Amino acid sequence: MAWRKPTNLNEWLGILVRHKKKFFFPAIIVATIIIFASQYAPRTYRAEAKFRRKSDTTLSATKDDMVMKEYRVIRSLMQYDFTSPEAITQLIADVDELGKDLPVMDDNTLTADGRMRKNNLVRKLVSGISVRTEVGNNAIDQVSVSYTGEDPEICEKVVNKLIETYLKKVRADLDEALIDQKKFFLAEATRYRRKLSELETQKLRFMVTHDGINPEDPALIHEKLTQLKRDRDAVKTEADELQRKVASLIAWEKEQPEFQERRKQVDNPELAEKKEALLNLKKALEYNLYELRRTEEHPAVKDLRRRIEKVKKEIEGFVGAKDYEIEEVPNLEKIEAQKQIQEGAAVYNAKVAEFERLEEEVQKYEVFNRRFFEVRNQYLKIERETREAVGQLAFWDDNLRRTQVALTMAVSERGMRLNVIQHAKAPVRPSSPTLIKILGYAVFFGFLTGALFVVVAELLDSSYRSVEQAIDDIKIPVLGAVNEIVSPGLAMRRKILGWGVYPACTAALALVLIACFIFTYLSLEAPHKHKALMEDPVGFFKRQLSGT
C-alpha cells in the first residue's frame, strides 16, 4: 500500500501514538548522548569588573569647555584604550601567566615563533575583551569591562589589570593636558595683566588731571551743566519758601499760651449709691427666683420688684448726676508747632547745604565745558586700549582659573573621580556552555530524531488503517475485515515486552538521563561538587545523604 499523507491534526496525532515507542526511545537516547557529551565540551569563563567616572558638581559649574572636551576625547577613545596593541602588550607583560610560555632567545627577546604566538595571543585577548557603557552622560560614566577565556584565574587577572592600567593612563593624560594648558594660560594672563596695569596707571593719572570728563558724549557736560543750574535754582526757591514758612510758624508759636484749661467729668456720690442699691436688689431678686424657687406671686418677689422700679425712677429723675472739674493741660498745638519749627529748620539747613554743593558742581562743570575737546582724543585712546586689555585678561584669567580648578580636582581625584566599584573575581561557573543551551540542544535534536524515526516507520508500514483504505487500494469490495490474529505465543511476547522490557528500558534510560543531567548540572553550576564527585563518588553521596 502506498503511503498516504495525513490531512489533519488527528491523523498526525494518530501516527505519533502508533509509533510512540519509536519516537520516545530514540529521542531519549539522543538527548542523553548530547547532555553526556556536553561535559567534554570546552568551558569558557567570563570575569567582569566595573568602574565609574563621576564629574564633580563644582567642575560642572565652572563650565570648563576645554576640560569637558578632554573628557569627551577620553570617553570616545575608551574602547581603543582597552584593546589597543600597546594596552594588550602591557597586559601580557604585567600578567606573567600570559607570556610565560612564549619562547625567547638568550638575550630575552622573542624568537620568530614566539612573536607569532604573541600576535596570536594578542588577537585572542582582543577578541575576548568586552567594554560596555552601562551609564553614560556628562555627569557620570559607569563602564563594565569583561574578558572571556578558558582559565578563570587568568580571566580575573586580565580584567583587573586592564582597568588598573586604564585608570592610571587616564589620570596621567588628564594631568599632563591640564598642566600644559595651565602654563600657556598663565603666560598669557601675566602678559595682559602687566599691560592692563600700565594702562590703568595712565587712566588714573588722566582722571585725576581731568576729573568729570566723559569723552563718550560731548554734549553731556552741557546737558549736565544745564540740569545742575536748574536743580540749583529749584533748591534755592524751595529753601526761600521753607524759610518763610518757618518764620511765620515761629511768630504764631510765640503768641500761643503754654497751658490750656480743660473740664474733667466726674460721677455724683449720691447717684453712685443708688446704682449700688439697685444692683443689690437685682441680686436679691435672682436669689429668690433661681435659688429659692419662688414664683412671681410670692410676696417677697413682688416687694423686690416694687423696690427695683422705685430705685430706677429715682435714678432717672436724679438731678445733678454729673459734675465737672477744671484742670490745666499743656498746649498741644504749641508743642506740635515747635516740633514743626525744628523739622523745618533741619530741612532748610539741608537745602542750603545742597544749594552750596550744586553751586560747586556748576562751577566745576563750567571749567570742564571749556577744556573738553583738548583732551578728548587722549582719553578715548586710553579707554579703548584699557577695554581691550581687560577683555583679553578676563579671557585668559577665566581659562587659567578653570584649568587650575580642574587640575586641583584631578590631582585630588575630585574633578573626575575614577574608582573601581566592582573588582573582577575568578569565576567559579563557566559562562559557556550554559545549562539552558545544552538542554535546548538536547530537546531539539531529541525531538528531531524521534520525529525522523516516526516518519521512517510510517513510510515502511504497508498495513491498512481502515476498510476504506483497502477498498481504495485494491479496487474490490471487502465483505469483512479481521484486524489482527494474535497467537498465544505472540500475546505472551507482547505482555513480556509491554510489562517488563519496555518499562525496564524506560526506567534505565530515565536513570541514565537523570544521572547525565546531574553530572552536567554540577559541572556547570557547582564545579567543586563535580570535582568531588569524580574523585570519590561513594564518599560524595555519603556526605550528601548525611548532610555534611
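The chain is numbered in sequence order, starting from 1. Only a predicted model underlies this, so the values are computations on that prediction, with no experimental measurement involved.
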> From Leu448 CG over to Phe445 CZ, what is the distance, rounded to the nearest 0.5 angstrom?
7.5 Å
> Nearest heavy-atom pair of Ser146 and Val159: which atoms, and what distance?
C-CG2, 4.0 Å
> Listing request: all ring-ring contact (aromatic ring centres under 6.0 Å, His included) pairs with a residue in residues 81-100, at least two apart in sequence or in separate chains.
Phe82-Tyr166
> OG1 of Thr386 to CZ of Arg384: how many Å apart, nearest 0.5 Å?
10.0 Å
> State whether a side-chain donor-acceptor pair under 3.5 Å links Arg123 with Asn120.
yes
> With a 4.5 Å cut-off on side-chain heavy atoms, are Leu509 and Thr32 touching?
no
> Go through it in stages, so that I can follow the logic: the residues are Ser431 and Thr148, the test is side chain to side chain contact (heavy atoms under 4.5 Å, CB included), and I'd like the CA-CA distance, side-chain angles, deciding distance and then a yes or no.
CA-CA 8 Å; Ser431 60; Thr148 303; 4.0 Å; yes
> Is a side-chain N or O of Arg429 found less than 3.5 angstrom from the main chain of Glu525, in a donor-acceptor match?
yes
> Tell me whether the count of non-hydrogen atoms from other residues, nucleotides or ligands lying under 6.0 Å of CD in Glu153 goes above 12.
no
> Please walk me through it: do Thr165 and Leu91 pass side chain to side chain contact (heavy atoms under 4.5 Å, CB included)?
CA-CA 8 Å; Thr165 305; Leu91 176 66; over 6 Å; no
> Once you measure the plane-to-plane angle for Tyr40 and Phe36, does it fall in the parallel (<30°), tilted (30-60°) or perpendicular (>60°) bin?
perpendicular
> Does a side-chain heavy-atom distance below 4.5 Å link Ile92 with Leu125?
yes
> Just do the salt bridge (charged side-chain N to carboxylate O under 4.0 Å, His left out) check on Arg191 and Glu188 with the steps written out, would you?
CA-CA 5 Å; Arg191 181 166 67 90; Glu188 293 297 320; 2.9 Å; yes
> Excluding sequence neighbours, so at least two apart, what forms salt bridge (Lys or Arg N to Asp or Glu O under 4.0 Å) with Arg132?
Glu48, Glu134
> Charged N to carboxylate O under 4.0 angstrom, Arg43 versus Glu150?
no
> Flag the pair Phe453 / Phe25 as yes when their ring centroid distance falls below 6.0 Å, and as no otherwise.
no
> Are there more than 12 heavy atoms of other residues, nucleotides or ligands under 6.0 Å from atom CG of Leu511?
yes
> Answer yes or no: is there an ion pair linking Glu97 with Lys157, defined by an N-O contact shorter than 4.0 Å?
yes
> Closer than 3.5 angstrom, by distance alone: can the side chain of Ser197 be matched with the main-chain N or O of Arg193 as a donor-acceptor pair?
no
> With a 3.5 Å distance limit and no angle check, can you tell me whether Arg52 reaches the backbone of Lys50 through a side-chain donor-acceptor pair?
no
> What I'd like to find out is whether the side chain of Thr133 reaches to under 4.5 Å of the side chain of Met78, using heavy atoms alone.
yes
> Quick check: closest heavy atoms across Ala189 and Asp397, and the distance to 0.1 Å?
CB-OD1, 3.5 Å
> Between Asn160 and Glu164, do the side chains contain a donor N or O and an acceptor N or O under 3.5 Å apart?
no
> Take Leu167 and Phe51 through the side chain to side chain contact (heavy atoms under 4.5 Å, CB included) test and state the conclusion after the steps.
CA-CA 9 Å; Leu167 296 186; Phe51 71 92; 3.9 Å; yes
> Using a 4.5 Å cut-off on heavy atoms from C-beta on, say whether the side chain of Val126 contacts that of Ile88.
yes
> Are Phe184 and Asp180 close enough that some pair of their side-chain heavy atoms sits under 4.5 Å apart?
no
> When you measure from the side chain of Asp398 to the backbone N and O of Ala394, does any donor-acceptor pair fall under 3.5 Å?
no
> Give the minimum heavy-atom separation between Pro433 and Leu524, together with the two atoms involved.
O-CD2, 3.3 Å
> Which atom pair, heavy atoms only, marks the closest approach of Tyr45 to Cys155?
O-SG, 3.4 Å
> Is it true that the side chains of Arg46 and Ser432 contain a donor and an acceptor less than 3.5 Å apart?
no
> At what distance, to the nearest 0.5 angstrom, does OG1 of Thr506 lie from CG of Leu513?
12.0 Å
> I need the minimum non-hydrogen distance between Ala424 and Ala49, along with the two atoms involved.
N-CB, 3.6 Å
> Is there a donor-acceptor pair under 3.5 Å between the side chain of Ser127 and the backbone N or O of Lys124?
yes
> Testing the basics here: between Gly114 and Leu102, what is the closest heavy-atom pair and its distance to 0.1 Å?
O-CD2, 4.0 Å
> In the structure I gave you, are the side-chain heavy atoms of Val512 and Cys516 within less than 4.5 Å of one another anywhere?
yes
> At what distance, to the nearest 0.5 angstrom, does NZ of Lys168 lie from CD of Gln90?
9.0 Å
> So, taking the atom named CZ in Arg117 and the one named CG in Asp113, what distance separates them when rounded to the nearest 0.5 Å?
5.5 Å
> Evaluate side chain to side chain contact (heavy atoms under 4.5 Å, CB included) for Val131 paired with Val143, printing each intermediate quantity in order.
CA-CA 7 Å; Val131 181; Val143 181; 3.7 Å; yes
> Between atom CG of Leu199 and atom CD of Glu383, what is the distance when rounded to the nearest 0.5 Å?
10.0 Å
